[in-house]
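One structure is given below, encoded as structure tokens.
By convention in this document, chain letters (A, B, ...) are assigned in the order of the sequence lines, proteins followed by strands, and residues within each chain are numbered from 1. Because only heavy atoms are used, hydrogens play no part in the values below, and waters and symmetry mates are left out as well, while side chains stay in.
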There are 2 protein chains.
Amino acid sequence: MEIIAEKKQPDRRRQVVDAAARSFETFGYKGTTMDQVAKLAQVGKGTIYTFYANKEELFEEIMTGLIRELKQVADETLDAKLPFADNLMNVLHRVSDYRARHALAVKLSQEVRDIGTPMAKDGLEKVEKAIIGYVALHVKAASDKGEIRSCSPELTAYMMLKMYLALTADGNHLHEALSKEQILESFRFYCFEGLANR
Amino acid sequence: MEIIAEKKQPDRRRQVVDAAARSFETFGYKGTTMDQVAKLAQVGKGTIYTFYANKEELFEEIMTGLIRELKQVADETLDAKLPFADNLMNVLHRVSDYRARHALAVKLSQEVRDIGTPMAKDGLEKVEKAIIGYVALHVKAASDKGEIRSCSPELTAYMMLKMYLALTADGNHLHEALSKEQILESFRFYCFEGLANR
DNA sequence: AAACTGACCAAAATAACAAAATGGTCAATT
DNA sequence: AATTGACCATTTTGTTATTTTGGTCAGTTT
């Protein structure tokens, strides 16, 4: 009954979280001020501190939300009928794409690049770790099912993400940009098939 | 006779290059001043500018020297009797190790990390590109000989370096540090064998 | 009394300005 | 013809004044 009820009074916590989300994705971590969030949330500044001990905790809550979204996208992408390799590539592609379009992730990336805000870096690192953890879970499952060779799930997931990012990295001058098809084909080649002749 | 002779008069160009090398590796790109180099080289500042149009060109000369050293190390490491995979791993390991111990490379890495000097970044990028080019040459040879599957040499070399660096990266918290043996074993696994069951 | 607020504060960020250092030039010197 | 270092416009650094910020808490509202 606790969860279903509650309507009349404004849900302060939600107001704060929504305002914070908007502010962080518009102004970045550093550019967001607690006064600003309070004003956006139409809430006294002190109220924020009844829910979150400090700016960092508030930020973590927002990042947790982003991670939850990504997980949702990944889950929706998974198709039990497809082989592991296809699922993996689809998930990596959809999640990377979603991340690249998500205002918060974009803003934080730019902030890290331009001014190196440590908290923004931490936040994005947490996202990477979450992706790796998610992939590792499915690597383990595929490995247990004998669908792929046995391997360390964590390390393998890490390598997969790194390889995928290396192929999609367009900012660098180390190799020319690849089309989506080339990326997927190359990823399958380097990740699953390997260079060895057989 | 031009090359053999020359002894009496001091070789100004060499003095400048030596001084610059010492200065860049001690103080980094930004920390090196042309006055400093001139003093170290025991040469008037104007003299430097008779050899190099500006600080950037002087720096490029030094970086070219580093790349030449790395190529030397790589060439010494190559053993025609060994299979491609072994040569590749040996070269990557030795070159990375040499690079990690080379005062100039270390200083520039630190400079990029701490203050992001664009020229230092460019310089290190050039080193990476040289390594990729070197590896690509041997990938092509191995591919032509049928020792490995046919592939784009440039992209493959790029991926190999990225994979190796991902395995050796210890600064990040994405995976625990690996021993040298684990690195080589993992590299062989991910780069040559692939995850697919066979 | 429980939830909420915003004036308030120490600490940190920014702006404004003065002083020093730097890359590059070139007339004078060797 | 090769070399030099005083010189200069531009940046960078150091300094100090001013503003902004995260966080608190006594007081107000519900």
Side-chain angles (χ1 to χ4, degrees), chain A residues 2 5-24 26-63 111-112 114-120 122-123, chain B residues 2 5-24 26-63 111-112 114-120 122-123:
Chain A
E2 262 231 69
E6 316 271 348
K7 261 290 151 75
K8 285 299 192 315
Q9 318 86 323
D11 181 349
R12 314 264 182 205
R13 179 183 269 258
R14 172 150 302 274
Q15 282 171 260
V16 168
V17 170
D18 287 351
R22 268 179 290 150
S23 185
F24 282 127
T26 309
F27 306 108
Y29 181 82
K30 184 160 183 235
T32 289
T33 72
M34 297 304 266
D35 276 319
Q36 166 88 291
V37 172
K39 191 158 297 176
L40 272 175
Q42 292 176 289
V43 142
K45 187 155 63 148
T47 302
I48 301 177
Y49 288 90
T50 65
F51 299 125
Y52 304 97
N54 51 41
K55 190 180 175 182
E56 296 194 11
E57 273 195 16
L58 178 56
F59 181 61
E60 275 160 26
E61 171 84 7
I62 304 305
M63 291 308 289
E111 192 177 350
V112 169
D114 294 348
I115 52 177
T117 315
M119 275 305 292
D122 283 6
Chain B
E2 262 229 74
E6 316 268 351
K7 265 288 152 76
K8 285 300 194 308
Q9 317 88 321
D11 181 347
R12 312 265 182 204
R13 179 183 269 261
R14 172 150 302 276
Q15 282 171 259
V16 168
V17 170
D18 287 352
R22 267 179 290 151
S23 184
F24 281 127
T26 308
F27 305 109
Y29 181 81
K30 182 157 185 240
T32 289
T33 73
M34 297 303 266
D35 277 319
Q36 166 87 293
V37 172
K39 192 159 293 176
L40 271 175
Q42 291 176 292
V43 144
K45 185 156 64 150
T47 302
I48 301 176
Y49 288 89
T50 65
F51 299 125
Y52 303 97
N54 49 43
K55 191 180 175 182
E56 296 194 12
E57 274 195 17
L58 178 56
F59 180 62
E60 274 160 27
E61 172 84 7
I62 304 306
M63 290 309 287
E111 193 177 348
V112 170
D114 294 349
I115 52 177
T117 315
M119 277 305 292
D122 282 7

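- Remark: B:E60 engages B:K126 in a salt bridge (charged side-chain N to carboxylate O under 4.0 Å, His left out) (not counting sequence neighbours).
- Looking at heavy atoms from C-beta onward, A:Y52 lies in side-chain contact with A:R13 at the 4.5 angstrom threshold.
- Checked against ring-ring contact (aromatic ring centres under 6.0 Å, His included), B:Y49 has no partners two or more places apart in sequence or in another chain.
- For B:D114, the side chain to side chain contact (heavy atoms under 4.5 Å, CB included) test picks out B:Q110, with sequence neighbours left out.
- Not counting sequence neighbours, the partners of B:S23 by the side-chain hydrogen bond (donor to acceptor under 3.5 Å, both in side chains) test are B:T32.
- Residues that satisfy the side-chain hydrogen bond (donor to acceptor under 3.5 Å, both in side chains) test with B:T26, not counting sequence neighbours, are absent from this structure.
- Evaluation of the side chain to side chain contact (heavy atoms under 4.5 Å, CB included) rule for A:Q42 yields A:Q15 as partners, not counting sequence neighbours.
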For nucleotides 23-30 of chain D, print each protein N/O atom paired with a nucleotide N/O atom at under 3.5 Å, atom names and distance only.
residue : atom : partner : partner atom : Å
D:dG23  : OP2  : A:Y49   : OH           : 3.3
D:dG23  : OP2  : A:K55   : N            : 2.7
D:dG23  : N7   : A:K45   : NZ           : 2.8
D:dG23  : O6   : A:K45   : NZ           : 2.3

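- Nucleotides of DNA chain C that come within less than 4.0 Å of any heavy atom of chain A span, from the 5' end to the 3' end, C:dC4 to C:dT14.
- With sequence neighbours left out, A:T33 forms a side chain to side chain contact (heavy atoms under 4.5 Å, CB included) with A:D35, A:Q36.
- Remark: A:A19 pairs with A:R22, A:V37, A:L40, A:A41 by the side chain to side chain contact (heavy atoms under 4.5 Å, CB included) rule, at least two apart or across chains.
- Between B:R12 and D:dA2 there is no side-chain N or O to OP1 or OP2 distance below 4.0 Å.
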Enumerate all atom pairs, one protein N or O and one N or O from nucleotides 8-14 of chain D, separated by less than 3.5 Å.
residue : atom : partner : partner atom : Å
D:dT13  : OP1  : B:K30   : NZ           : 2.9

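- For A:F59, the ring-ring contact (aromatic ring centres under 6.0 Å, His included) partners are A:F24, A:Y29, not counting sequence neighbours.
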